[in-house]
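Keep in mind the model is a prediction, meaning the values are calculated, not measured.
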Amino acid sequence: MSPVDDAFISGSLDKTIRLWDLRSPNCQGLMHLQGKPVCSFDPEGLIFAAGVNSEMVKLYDLRSFDKGPFATFKMNYDRTCEWTSLKFSNDGKLILLATNGGFLRLVDAFKGAVLHTFGGYNNSKGVTLEASFTPDSQFLMIGSEDGKIHVWNGESGMKVAVLDGKHTGPITCLQFNPKFMTFASACSNMAFWLPTIDD
């Protein structure tokens, strides 16, 4: 979803990205790419990013996407997995690339440099696990196939927590509340998380 209006963007197995408006049944824009894309709007809703073929990120201006990307960042291709999602941090400075392997990549949204690669969580079956930023853009988290949630500091790259929500299967959905200090995680059951306030 666009953060500013009723538009949304979709990436498909047919190697297209489509721009939609909730008020219309027809797509408002169509792009043909060279591979399967993952995509997302930036926090201002002015640009969108497309991750193509699990090896490059292309940035487009929403008002002139038909003219092609204004920036392209090439990444090292990893044959062992595919990108499953791309998300901007709320401050717009970072891009988080999730994979169906055992790692995440944190990328500088302006220069395209890989800042950190995070691993050390279980995903041996190639499940699509959702990764998420905290609303302050300082931390990122992902669930794992053993039902635990791994949390890293985005600046230092250090793992700061492993949370156990007693999930019985892989955590395929993980979303932070955009305004309050709560988040939800889900496998076949759902857990809601609140901060612990020390005396």
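Of the candidates R105, K74, R79, K74 is the only one forming a salt bridge (Lys or Arg N to Asp or Glu O under 4.0 Å) with E55. Paired with M141 under the rule side chain to side chain contact (heavy atoms under 4.5 Å, CB included), one option of I171, L104, I149, V160 passes, and it is I149.
Of the possible donor and acceptor atoms, none in the side chain of T128 sits under 3.5 Å from a partner among the backbone N and O of N100. N123 places a side-chain N or O within donor-acceptor distance of the main-chain N or O of G101, the cut-off being under 3.5 Å. A donor-acceptor distance shorter than 3.5 angstrom exists from the side chain of S144 to the backbone of K148, with no hydrogens or angles considered. At least one donor-acceptor pair under 3.5 Å links the side chain of E145 to the backbone N or O of S124. Side-chain atoms of S89 come within 3.5 Å of backbone N or O of L94 as a donor-acceptor pair.
In this structure, I17 and S10 have side chains that are not in contact, with every pair of non-hydrogen atoms separated by 4.5 Å or more. When side chains are defined from C-beta on, D78 counts as touching F103, because their heavy atoms get closer than 4.5 Å. Between R18 and D14, some side-chain heavy-atom pair lies under the 4.5 Å cut-off. In this structure, the side chains of L30 and T16 come closer than 4.5 Å at one or more pairs of heavy atoms. Annotation: side chain of V114 is not in contact with side chain of N76 (no heavy-atom distance under 4.5 Å). Side chains of F133 and L106 form a contact here, defined as non-hydrogen atoms less than 4.5 Å apart. Counting only heavy atoms from C-beta outward, the side chains of F183 and S132 never approach each other to under 4.5 Å. In this structure, the side chains of L86 and I95 come closer than 4.5 Å at one or more pairs of heavy atoms.
V38 and L96 fall into different hydrophobic clusters, where Ile, Leu, Val, Met, Phe, Trp and Tyr side chains are chained together by heavy-atom contacts under 4.5 Å. Hydrophobic clustering, with ILVMFWY side chains joined whenever heavy atoms are under 4.5 angstrom apart, groups W152 together with L115. The same ILVMFWY cluster, assembled from side-chain heavy atoms under 4.5 Å apart, contains both F73 and F70. Residues I142 and W83 do not share a hydrophobic cluster, clusters being chains of Ile/Leu/Val/Met/Phe/Trp/Tyr side chains in contact below 4.5 Å. Linking ILVMFWY side-chain heavy atoms closer than 4.5 Å, directly or via other members, places L59 and M31 in two distinct hydrophobic clusters.
When every heavy atom of A191 is checked against every heavy atom of H167, the shortest pair comes out as CB-NE2, 3.8 Å. Heavy-atom minimum distance, S2 versus G45: OG-CA, 4.4 Å. Taking all atoms of both residues into account, the shortest heavy-atom contact from A109 to G92 is CB-O, 3.5 Å. Closest non-hydrogen pair, F176 versus T182, comes out as CD2-O, 3.3 Å. Of all heavy-atom pairs between G11 and P37, the closest is CA-CG, 3.9 Å. When every heavy atom of I47 is checked against every heavy atom of F88, the shortest pair comes out as CD1-CZ, 4.4 Å.
Taking NZ of K166 as the reference point, atom OG of S185 lies at 12.0 Å (rounded to 0.5 Å). Taking CZ of F118 as the start and NZ of K159 as the end, the distance is 10.5 Å to the nearest 0.5 Å. If you take OG on S40 and CZ on F48, they are separated by 10.5 Å, rounding to the nearest 0.5 Å. The distance from the CG atom of L62 to the CG atom of L46 is 8.0 Å, given to the nearest 0.5 Å. From D42, atom CG reaches atom NZ of K93 across 14.0 Å, with rounding to the nearest 0.5 Å. Going from atom CG of L129 over to atom SG of C173 covers 11.0 Å, rounded to the nearest 0.5 Å.
Salt bridge annotation for E130-K87: present, with a cationic side-chain nitrogen under 4.0 angstrom from a carboxylate oxygen.
Looking only at atom types and distance, the side chain of E82 has no donor-acceptor partner in the side chain of T99 under 3.5 Å away. Side chains of Q28 and S24: a donor-acceptor N/O pair is present below 3.5 angstrom, by distance only.
Aromatic ring centres of Y60 and F65: separated by at least 6.0 Å.
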Could you check W193 against N177 for side chain to side chain contact (heavy atoms under 4.5 Å, CB included), going step by step and ending with a plain yes or no?
CA-CA 10 Å; W193 298 79; N177 184 307; over 6 Å; no
Can you list the steps and then say if W20 with I9 is a side chain to side chain contact (heavy atoms under 4.5 Å, CB included)?
CA-CA 6 Å; W20 303 86; I9 190 169; over 6 Å; no
What verdict does the side chain to side chain contact (heavy atoms under 4.5 Å, CB included) test give for M181 and T134, after you've listed the backbone C-alpha separation in whole Å, the side-chain angles of each residue and the deciding distance to 0.1 Å?
CA-CA 9 Å; M181 278 297 296; T134 55; over 6 Å; no
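The 12-atom threshold is exceeded at OH of Y77, counting heavy atoms of other residues, nucleotides or ligands nearer than 6.0 Å. Within 6.0 Å of atom CG in D164, more than 12 heavy atoms from other residues, nucleotides or ligands are found, so the atom counts as buried in its surroundings.
Using cut-offs of 30° and 60° for the angle between ring planes, the Y121 and H150 rings count as tilted.
Qualifying side-chain contact (heavy atoms from CB on, under 4.5 Å) partners for N90, counting only residues two or more places apart in sequence or in other chains: P135, S137. In this structure A184 satisfies the side-chain contact (heavy atoms from CB on, under 4.5 Å) test together with F192, sequence neighbours excluded. Scored by the side-chain contact (heavy atoms from CB on, under 4.5 Å) test, S156 finds N153, M158 as partners (sequence neighbours excluded).
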